[in-house]
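Heads up, the thing below is written out as structure tokens.
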Number of protein chains: 2
Amino acid sequence: MTSTSRSARTRALLQDAALRLFSEQGYDATTVEQIAREAGVSHMTFFRHFPTKDAVVLEDGFDPAIAAAVATAPTELLPLVRVCAGLRAVLTHVDLPGQEEVRLRVRIAVEHPALRAGTYAATEATQKAIAEVLVADGVSPFEARVASAAALAAVTVAVLEWCLSDRDDPMSSQLSAALDVLDGTARR
Amino acid sequence: MTSTSRSARTRALLQDAALRLFSEQGYDATTVEQIAREAGVSHMTFFRHFPTKDAVVLEDGFDPAIAAAVATAPTELLPLVRVCAGLRAVLTHVDLPGQEEVRLRVRIAVEHPALRAGTYAATEATQKAIAEVLVADGVSPFEARVASAAALAAVTVAVLEWCLSDRDDPMSSQLSAALDVLDGTARR
DNA sequence: ATCCTAATGTTAGTGGCTAACATTAGAATA
DNA sequence: TATTCTAATGTTAGCCACTAACATTAGGAT
């Protein structure tokens with residue numbers, strides 16, 4: 001009856017237990033042993049599903065696909081502006097589904113230095129992907145990396161801002177505002 | 001005779017031993033116990049001088065003072081452009097002294113995910129400082145954070161690029177190029 | 001010479017994480 | 001239904017970063 005594989009179910013059980021325990025007692029106060037017990041498995045099983053304790057919190061999911069959108073943005077734009085255009089295209093679409101779960105995860109992550117750091121590290125993959133798209137279209141590797149790094153940094157600030165606030169408007173509006181700062185649309 | 005305090009000397013011994021061992025055998029393969037032994041102290045002493053194993057590598061030093069420079073940059077510029085101007089002012093000065101030691105440390109840091117992450121985390125303080133300067137001059141908190149985050153991300157890319165290459169020209173030229181991407185001077 | 005305090009040492013832990021090996025669950029096949 | 005084969009899990013033992021509590025020393029000030 002359960003259509004999901006055993007592995008996927010265990011993984012979900014672990015993630016649910018972890019997020020619940022983290023928000024109840026805090027990240028540090030929660031032990032992997034505890035999470036595993038709560039999910040009805042051993043601590044080894046935890047580490048077979050998540051490489052580290054951090055990983056349970058740091059799973060963006062919608063990080064890929066961004067590069068693809070950048071690729072379709074007009075080539076004649078300045079690299080930085082083009083990256084912004086690409087980001088805008090994706091981010092305005094992907095907000096409805098797990099917006100609130102993202103908020104929960106980010107709120108947990110913000111509390112803990114190690115998790116904040118992990119968030120930045122997780123962005124690196126996306127940054128690299130975007131840069132590769134630009135390079136493929138003739139932008140210098142260096143400028144490509146600078147532009148994508150700057151744009152993603154801006155996005156990160158926006159996500160943080162939105163997640164830490166209680167606002168009801170979609171995350172996308174916040175993201176849009178952040179990108180405005182970069183590509184000059186906000187010129188007053 | 002030794003003018004430096006005992007504490008400072010021990011700290012230096014630990015840092016030297018650590019950097020040497022890290023570059024010889026790698027970060028993971030080097031144990032804190034080993035570093036302490038090499039420096040002639042116990043592992044507890046290590047943790048009294050550095051909060052974590054990472055900290056021996058992640059000490060920028062020239063991270064402060066940046067905010068001050070941003071403060072003196074012309075107020076009428078757009079936030080992002082102004083931050084770039086401030087950064088340019090500082091970074092062209094601070095290159096001669098420990099440029100090569102920075103290179104060594106960054107090279108060690110790049111190898112290890114945890115250290116990469118730590119690098120980003122270390123930047124947060126600087127970002128916050130810059131943002132506060134902008135806010136004090138009337139920029140909205142959100143735009144201030146976005147601008148400083150983006151600019152520092154660009155700087156980080158430049159530092160990485162320079163440290164990983166073998167080029168002889170000063171780091172400042174690389175930094176300048178990165179900032180060009182942001183403030184549009186590079187418009188072709 | 002004596003004291004006083006900062007710096008260090010010792011010891012005994014906790015918790016994240018791994019390796020090696022044993023075990024089970026459950027789907028496919030007969 | 002019985003068998004088998006493999007992925008998923010369990011057990012155990014251990015390494016290492018990091019901490020707490022308490023004992024000790026070193027070295028300057030008095």
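Every chain is numbered from 1 and lettered A, B, ... according to where its sequence line falls, protein lines coming before strand lines.
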Practice problem: Would you sort out whether A/F46 and A/E33 count as a side chain to side chain contact (heavy atoms under 4.5 Å, CB included), showing the intermediate values? | Solution: CA-CA 9 Å; A/F46 176 93; A/E33 187 65 46; over 6 Å; no
Quiz prompt | Residues B/D166, B/R107; criterion salt bridge (charged side-chain N to carboxylate O under 4.0 Å, His left out); working and verdict | solution = CA-CA 11 Å; B/D166 285 322; B/R107 282 182 174 177; 2.9 Å; yes
Quiz item: Could you give all pairs that pass the ring-ring contact (aromatic ring centres under 6.0 Å, His included) test and reach residues 4-41 of chain A, with sequence neighbours left out?
Solution: A/F22-A/Y27, A/Y27-A/H112
Quiz item: How about A/D180 and A/R88: do any of their side-chain heavy atoms sit closer than 4.5 Å?
Solution: yes
Practice problem: Report, as a single string ordered 5' to 3', how protein heavy atoms within less than 4.0 Å touch nucleotides 7-22 of chain C: B base, S sugar-phosphate only, - not at all. | Solution: SBBBB---SSBBBB--
Quiz item: How far apart are the closest heavy atoms of A/V110 and A/R116, and which atoms are they?
Solution: O-NH1, 3.4 Å
Quiz item: Considering only heavy atoms, which members of residues 13-25 of chain A lie under 4.0 Å from some atom of DNA chain D?
Solution: none
Practice problem: Test the B/R103-B/W162 pair against the cation-pi criterion, namely NZ or CZ under 6.0 angstrom from the six-membered ring centroid and within 45° of the ring axis. | Solution: yes
Quiz prompt | Closest heavy-atom pair and its distance - B/A18, B/V56 | solution = CB-CG1, 3.4 Å
